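Down below is the structure, laid out as structure tokens.
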Amino acid sequence: GQPSPAAHHLDEPTPPANHTGAQPNPFRPRPEAEPELPLNSTSVDQQAVREIQAAVSELLTDRDGQDARTVIADEVTAYNQRRLHVGTPALNPDAQAQLGQAVFDAVFGLGRLAPLISIPGLQNIEVRGHDQTTWLIFGDRPPVRGPAVCDSPEELIELVARLARSGATERPFDNAHPHVDLTLPDMSRLSASFRFTPYPVLTIRIHRYVDIDLPTLQRMGMLSGSMAAFLTAMVRAGKSLVIAGVPEAGKTTLTRGVLNVLDPLVAIGTIETEDELGLHTLPHRHARVWPAWELIGGGEVINGKAAGSLTVNDLIPPALRANVQVLVVGEVRGHEVIAMLEAMQGTQNSVSTVHAKNGRDAVERLVTCATKYGQVDTTWAYRQVAQLVDAIVHVNLIGERHLGGRQHRFIDEIVLPELSGDGAAGYSVPAIYKPGPDGRGIPDPAHTPPWLDELERYGFDPAWLHDTSWDTSLELIHPIRRRDQ
């Protein structure tokens, strides 16, 4: 390809230290590499935590406004004195501090989940019943077993219910509402269920990259310099994007990076089922944010909706009245698709995400959601998607943890849905970027965006559409072999 414009060139990093070139037998059991767990996640006496927690909860109720940590410290000291009175060795200062933190987490925080979330490199926590298994999911190794996070099903249910009550938007988790999705204070995403599962289950997806930008993602190998320049110009030129991929592909992270190319004074609205993007927590990147989330509501049901509930579709009118220039409708899983299309119609541009295996699959997924939840016919749905979605960016995920490797995430195609003839499925998805020899996206010289002149107005150099280089190497244990190259 032609030389990259110097402004987007980055030095190639060294290959990952754990890559040896060897190809282990995927059917041979491997010893699990135990993570370095924080001390207080395994060594704190949970019976002591429960005893002090009960005393602290009663004291905080009786003495409203008293500093919680002071109350906890006093109760830990009293507990330590009781140990001495019965001839048990006293806790040293470090052990007392760990016990106090565990009590604080049990009363106000994530309980025994709190120290796990802080483990470096951890991506997911899966809890499958109190007496089943806690799994810790990393990006560069097989899943490993973690410590128990509760002692009974009721304790796990109550932990989730307390977290749901204390979130930015209070959500019920009870027999009438046996599933909940919510965002934790560190922007991690929690999903929990019971009743329709044999035991309470909980999954936490940890977001490590909240304050992220495209140059950083370029250095991490998610996109090329050509793609970074293309997406930057697209968003600044007012084009609407749908970012597609399977779960854990990095769709939300890429969405943040794409939106962060905007001027901080651009007014952005975000509409989500629960707070996930967190743009309002980044005032240095976005000074004018109108964030909104669905409300579950409760009590009396009026016209098929619980009193006080608000869906993402209900939030579109107030968002449009809020003088936003860019309106983001987060993840599209079903009914959100109608809000996404309205956002693309009513504002300068929009960005959303959807679960899909490639660009064409993303179109079909959006149409399926529209016909199922929007009560529209397929012809209308195809036409709206093709007319309103300017580009679909697909992020591929290649997992090699089972081979002793890591997860690889990269954009493999950027397609432009467009109408092509009559009929329900009268559309095509020409690729501006298509999978190259190693699977990563490269420009397709056969196609040029019809609004290239608009991109040039925002600094895009057409030479990028001939640049096939990436700034990082793709270190796969089992390389992709494309038969169509």
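For the single chain, residues carry numbers from 1 onward in sequence order. The structure presented is a predicted model; accordingly, all values stated were derived computationally and were not measured.
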- Message: One pair to check against side-chain contact (heavy atoms from CB on, under 4.5 Å): Leu113 and Leu184. What are the steps and the verdict?
- Response: CA-CA 11 Å; Leu113 289 167; Leu184 301 177; over 6 Å; no
- Can Met227 and Trp470 be said to form a side-chain contact (heavy atoms from CB on, under 4.5 Å), step by step? CA-CA 10 Å; Met227 291 172 173; Trp470 282 65; 3.9 Å; yes
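Arg165 has a carboxylate O that lies under 4.0 Å from a charged side-chain N of Glu158, or vice versa, which qualifies the two as a salt bridge.
Between Val429 and Asn358 the shortest side-chain heavy-atom distance does not fall below 4.5 Å. You'll find the side chain of Pro264 stays beyond 4.5 Å of the side chain of His284, heavy atoms only. Contact of the Asn323 side chain with the Trp290 side chain is not registered, since no non-hydrogen atoms from C-beta on lie closer than 4.5 Å. Side-chain contact between Thr270 and Trp293: absent, with no pair of heavy atoms (C-beta onward) separated by less than 4.5 Å. Residues Arg112 and Leu159 have side chains not in contact (no heavy-atom distance under 4.5 Å, counting atoms from C-beta outward). The shortest side-chain heavy-atom distance between Met187 and Thr252 does not fall under the 4.5 Å cut-off. A 4.5 Å side-chain heavy-atom check between Asn124 and Arg205 finds at least one atom pair inside the cut-off. Side-chain contact between Val127 and Val201: absent, with no pair of heavy atoms (C-beta onward) separated by less than 4.5 Å.
Counting non-hydrogen atoms of other residues, nucleotides and ligands closer than 6.0 Å to OH of Tyr209 gives a total of 12 or fewer.
For the pair Glu272 (side chain) and Leu277 (backbone), a donor-acceptor distance under 3.5 Å is present. Of the possible polar contacts, one joining the Asp377 side chain to the Trp380 backbone as a donor-acceptor pair under 3.5 Å is found. Of the possible polar contacts, none joining the Asp105 side chain to the Leu110 backbone as a donor-acceptor pair under 3.5 Å is found. Arg208 contributes a side-chain N or O that, together with a main-chain N or O of Leu122, makes up a donor-acceptor pair within less than 3.5 Å. With hydrogens and angles disregarded, no donor-acceptor distance shorter than 3.5 Å links the side chain of Asn349 to the backbone of Ser240. Distance alone, capped at 3.5 Å, is enough to place a donor-acceptor pair between the Ser352 side chain and the Val329 backbone. In this structure, the side chain of Glu331 does not engage the main chain of Thr353 through any donor-acceptor pair within 3.5 Å. Ser350 places a side-chain N or O within 3.5 Å of a backbone atom of Leu327 that can act as its donor or acceptor partner. Not a single donor-acceptor pair under 3.5 Å links the side chain of His408 to the backbone N or O of Leu397. Judged by distance alone, the side chain of Ser226 and the main-chain N or O of Trp464 form a donor-acceptor pair under 3.5 Å.
A donor-acceptor contact under 3.5 angstrom links the side chains of Thr203 and Arg128, judged on distance only. Side-chain atoms of Gln218 and Asp471 form a donor-acceptor pair, as typed in the model, at a separation below 3.5 Å. Checking Asp186 against His207 by side-chain atom types alone, no donor-acceptor pair falls below 3.5 Å. A side-chain donor-acceptor contact under 3.5 Å links Asp181 and Ser191. Counted by atom type alone, His394 and Asp412 present one or more donor-acceptor pairs between their side chains at under 3.5 Å.
The CZ atom of Arg457 sits 11.0 Å away from the CG atom of Leu452 when rounded to the nearest 0.5 Å. The structure places OG of Ser309 at 8.0 Å from CD1 of Ile296, a figure rounded to the nearest 0.5 Å.
Taking the side-chain contact (heavy atoms from CB on, under 4.5 Å) definition, one finds that Ala391 meets it with Met234, Leu241, Ile414, Leu416, sequence neighbours left out. Residues satisfying the side-chain contact (heavy atoms from CB on, under 4.5 Å) criterion with Ala362, sequence neighbours excluded, are Ala244, Val354, Ala356, Ile392.
Taking the six-membered ring where the residue is Trp, Tyr382 and Tyr427 present parallel rings, their angle staying beneath 30° rather than reaching 60°.
His286 pairs in a side-chain contact (heavy atoms from CB on, under 4.5 Å) with only one of the listed residues (Leu265, Thr281, Leu279), which is Leu279.
A pairwise comparison of heavy atoms in Arg365 and Arg333 identifies NH2-O, 2.9 Å as the closest pair. Taking every heavy atom of both residues into account, His179 and Ser193 meet most closely at ND1-OG, 2.6 Å. Closest non-hydrogen pair, Asp390 versus Pro417, comes out as O-CD, 4.0 Å. Considering every non-hydrogen atom in both Ala381 and Val376, the closest pair reads CB-CG2, 4.3 Å. Smallest separation of non-hydrogen atoms from Lys251 and Val246: NZ-O, 3.0 Å.
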